[in-house]
2 protein chains.
Amino acid sequence: MSENSSYKTRKVITIGVVSELTGLSERQIRYYEERKLVFPERSEKGNRKYSFADVELLIDIANKREEGVQTYEIRQDMLRAERKKEKKMRRELLRGEINARFGIQKER
Amino acid sequence: MSENSSYKTRKVITIGVVSELTGLSERQIRYYEERKLVFPERSEKGNRKYSFADVELLIDIANKREEGVQTYEIRQDMLRAERKKEKKMRRELLRGEINARFGIQKER
DNA sequence: CGTGTAAGGAATTCTGACACG
DNA sequence: CGTGTAAGGAATTCTGACACG
């Protein structure tokens, strides 16, 4: 269901291209990093590299900002969503374990 | 089946990153373009931009080159594959049209 | 708080060319 | 043919800072 280290999450896009793709200024993109909203990787010499997922996230951020939402709020929302997701993961992991032991038996 | 203008085919990767990803020198990458094996887009100021699909193609090219295959041969193979693919497309298009007229009827 | 901008420097990319083989 | 390299210039990116509000 979720291709993992795939095209979407591979960090390969430079800030200039991200700027074109999102319509945000490089200044804005760097600032959102400072506010811990995006986490680009760095190349050898320190150039930022983003993924398509980052680009989409930045577009979401841009929309929120247009609605007047502050970066701090956006960060809080992201952290909340993060925790919720982890909770879900834990539940699913647990369900998997239970199934493995007491669930539908395989042959033999 | 084939996500179209998606992450895989969007031209957003600069030549430096492509070089890292493929292990090829920038010189080699530019040369393969000269030999019409890859077709990057250009940014405003003329910088080359590649897609993940291009990166994969370049890796294939690198492998062929290691086997001693010349760029000209590689190009011929690509053109042949291209033609074959188009032929297939035409067949499928035709089948689709026939089905639309004489195939399984919808309601009414 | 969020963003623009000028500043200075380092790294990137581009093209056309010479070199070797 | 395929690739390295030095050359010169233009564009990119980086950081830290001042500005406005």
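Predicted model, so just to flag it, every value in this text is computed and none were measured. Scope of the values below: all heavy atoms of this structure, side chains included, with no hydrogens, waters or symmetry mates. Lettering of chains follows the sequences in order, A, B, ..., and the numbering in each one begins at 1.
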Peer 1: Going by side chain to side chain contact (heavy atoms under 4.5 Å, CB included), A:Ile74 matches just one of A:Met78, A:Gln70, A:Gln76. Which one?
Peer 2: A:Met78

Peer 1: Please give, in whole Å, the distance from C:dT13 P to B:Arg42 CZ?
Peer 2: 12 Å

Peer 1: Whole angstrom is fine here: how far is it from CG in A:Leu24 over to P in D:dT13?
Peer 2: 15 Å

Peer 1: Using atom CG of A:Asn47 as one end and atom C1' of D:dT13 as the other, report the distance to the nearest whole Å.
Peer 2: 5 Å

Peer 1: Please report the distance, rounded to the nearest Å, between OH in B:Tyr50 and C1' in C:dT13.
Peer 2: 11 Å

Peer 1: Quick one: look up who D:dA17 pairs with, Watson-Crick or G-U, both distances under 3.5 Å, and put none if it's unpaired.
Peer 2: C:dT5

Peer 1: Applying salt bridge (charged side-chain N to carboxylate O under 4.0 Å, His left out) as the test, list every pair that has at least one member in residues 68-81 of chain B; sequence neighbours left out.
Peer 2: B:Asp77-B:Arg80

Peer 1: Could you give the CZ-to-P distance, from A:Arg75 to C:dG2, as a whole number of Å?
Peer 2: 13 Å

Peer 1: With respect to the phosphate group of C:dG2, does any side-chain polar atom (N or O) of A:Tyr31 fall under 4.0 Å of OP1 or OP2?
Peer 2: yes

Peer 1: Heavy-atom nearest nucleotide on DNA chain C for B:Lys49 versus A:Gln28: which residue maps closer to 5'?
Peer 2: A:Gln28

Peer 1: For A:Arg65 and C:dG4, what is the distance between atoms CZ and P respectively, to the nearest whole Å?
Peer 2: 11 Å

Peer 1: At under 4.0 Å, does any side-chain N or O of B:Thr71 touch on OP1 or OP2 of D:dG2?
Peer 2: yes

Peer 1: Measure the distance from NZ on B:Lys45 to P on C:dT12 and round it to the nearest whole Å.
Peer 2: 18 Å

Peer 1: OP1 or OP2 of C:dT3 versus the side-chain N and O atoms of A:Tyr32: is any pair under 4.0 Å?
Peer 2: yes

Peer 1: Does a side-chain N or O from A:Thr14 land closer than 4.0 Å to OP1 or OP2 of D:dT13, or not?
Peer 2: yes

Peer 1: Whole angstrom is fine here: how far is it from CD1 in A:Ile61 over to P in C:dT3?
Peer 2: 11 Å

Peer 1: Considering only residues two or more places apart or on different chains, which pairs with a residue in residues 45-55 of chain B satisfy salt bridge (charged side-chain N to carboxylate O under 4.0 Å, His left out)?
Peer 2: A:Glu20-B:Lys49, B:Lys11-B:Asp54, B:Glu33-B:Arg48

Peer 1: Would you mind telling me which residue lines up with the more 5' stretch of DNA chain C, A:Ser43 or A:Val69, judged by nearest nucleotide?
Peer 2: A:Val69

Peer 1: Considering only C:dG4, D:dT13, C:dG2, which nucleotide approaches the side chain of A:Ser25 most closely?
Peer 2: C:dG4

Peer 1: Let's test your reading of the model: under 3.5 Å, does the base of D:dT5 pair with the side chain of B:Arg27 as donor and acceptor?
Peer 2: yes

Peer 1: Would you mind reporting whether B:Arg30 and B:Ile15 have side-chain heavy atoms less than 4.5 Å apart?
Peer 2: yes

Peer 1: Need the pair for C:dA10. Rule: Watson-Crick or G-U wobble, both distances under 3.5 Å, any strand; none if unpaired.
Peer 2: D:dT12

Peer 1: At under 4.0 Å, does any side-chain N or O of A:Arg48 touch on OP1 or OP2 of D:dC14?
Peer 2: yes

Peer 1: Nearest to the side chain of B:Arg35, which nucleotide is it out of D:dG2, C:dG4, D:dG4?
Peer 2: D:dG2

Peer 1: Tell me the closest heavy-atom pair linking B:Ala62 and B:Leu24, and the distance in Å.
Peer 2: CB-CD2, 3.9 Å

